[in-house]
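Single-structure report; data block below.
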Amino acid sequence: MEALKGRDFLSVTDVSVEELHGLLDLAAQMKAGKAKPRREKVLGLLFYKASTRTRVSFSVAMYQLGGQVIDLNPNVTQVSRGEPLPDTARVLDRYLDVLAVRTFAQEDLQSFGDYADIPVINALSDRFHPCQALADLLTVRECFGTFNDITLTYLGDGNNVAHSLLLGCAMVGMNIRVATPKQFEPAADIVEQANKIAAGKSEVRLTDDPIAAVKGSDVLYTDVWASMGQEEQARTRIPLFQPYQVNEDLLSYADSNAIVLHCLPAHRGEEISDGAIEGHQSRVWDQAENRMHAQKALLASVLGAD
Ligand code: CP
Ligand code: NVA
């Protein structure tokens, strides 16, 4: 098809009948795996919520693996015009090698997984943020060299980040405490699952007492008090969550070598003080960097070696 090089294709009549047959022959050969050009793997990002870290770290990770990324912004694809999710999933499956979805309902992610044969990665849902947990675990292991006898205390809202931490910490045998106001505890079924995984070998503790939770902890972790989709509750939550703010005072109850983590973006003066996030115990920038390394490993793994 050298003859078409550099030419526009605005109408089917822009090519000759002979060229049209030639194109169809080549397409059939490519579909059959012959005449296959060197093909880089392609990651699609379908994000229904805002993102800085996840979007950029996934993109850079994929580029560094030699692949390509397509941003499937819902506002400029047909999903915002109501194309059914199963249809979108089955079509994207035919083009992409891997798809990362950031959305609201975990059920929607499950549907993408069910309808698309390619690997589908949860780039955050209302229920989980597993890629964040990968980076968090990597960061803790870097800082302490082990998960044994390490206690991570999460303070704030029992949200998606807390859920993935509960499961991730239990899986690696790290102690996890979650301190939340009453009514904002993590989902009971996830706590039960974490307890089952920990099997009594590591601690899984829920409390509404932030100081008791922090005592002897090696890692203090917090996240926003109102997640994406809960913006209208942000103001009313502030007084309820105030005692759970990660600040210098609360940090003084933790182990003297404790580190401070936050998945970011942070609201200074709400869930974390300026002093805590900027202080010498903060590891939030290393944690953010680790998103990229963890996801690069994940992408390489789900795409396989070829
Ligand atoms: N922590 C995290 O997921 O950040 P983004 O929302 O910026 O992706
Ligand atoms: N819990 C937050 C995490 C943001 C990375 C949210 O879902 O908005």
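Both counts, for ligands and for their atoms, begin at 1 and track the order of listing. All residue numbers refer to positions in the sequence shown, counting from 1.
- Inter-residue side-chain proximity for Asn247 and Leu250 is flagged as met; some heavy-atom pair is nearer than 4.5 Å.
- In this comparison of Val161, Asp223, Leu264, the heavy atom closest to atom 5 (C) of ligand 2 sits on Leu264.
- Annotation: atom 8 (O) of ligand 2 to nearest protein heavy atom, Met228 N, 2.8 Å.
- More than 12 heavy atoms of other shown residues, nucleotides or ligands fall within 6.0 angstrom of atom CE in Met228.
- Salt bridge status for Arg268 with Glu278: present, with a side-chain N to carboxylate O gap under 4.0 Å.
- Which parts of ligand 1 touch Thr52 is read off a 4.0 Å heavy-atom cut-off, strictly below it: atoms 5 (P), 7 (O), 8 (O).
- Dense packing is recorded around CD of Glu231, with more than 12 heavy atoms of other residues, nucleotides or ligands lying under 6.0 Å away.
- In this structure the side chain of Arg7 reaches within 4.5 angstrom of the side chain of Glu19, judged on heavy atoms.
- By the 6.0 Å contact criterion, CZ on Arg141 is open, its count of non-hydrogen atoms from other residues, nucleotides or ligands being 12 or less.
- Which of Arg53, Arg102, Gln287, Lys49 comes nearest to atom 6 (O) of ligand 1 through a heavy atom is settled by distance: it is Arg102.
- Side chain of Arg102 to backbone of Lys49: no donor-acceptor contact under 3.5 angstrom is found.
- Each of the atoms 1 (N), 2 (C), 6 (C), 7 (O) of ligand 2 lies under 4.0 Å from some heavy atom of Asn160.
- For a threshold of 3.5 Å applied to N or O pairs, the pair formed by Ser227 and ligand 2 contains at least one separation below that value.
- A distance-only check finds a donor-acceptor pair linking the side chain of Asp218 to the backbone of Thr151 [under 3.5 Å].
- For ligand 2, the polar-atom distance check against Asn159 finds a nitrogen or oxygen pair separated by under 3.5 Å.
- Contacts between Leu264 and ligand 1 below 4.0 angstrom, taking non-hydrogen atoms only, involve the backbone exclusively.
- Checked against a 3.5 angstrom limit, the closest N/O atoms of Cys263 and ligand 1 fall inside it.
- The contact set between ligand 1 and Arg291, taken as ligand atoms under 4.0 Å from a residue heavy atom, comprises 1 (N), 2 (C), 3 (O).
- The protein atom (non-hydrogen) at minimum distance from atom 3 (O) of ligand 1 is His129 NE2, 2.8 Å.
- When only non-hydrogen protein atoms are considered, atom 4 (C) of ligand 2 lies nearest to Leu124 CD1, 3.9 Å.
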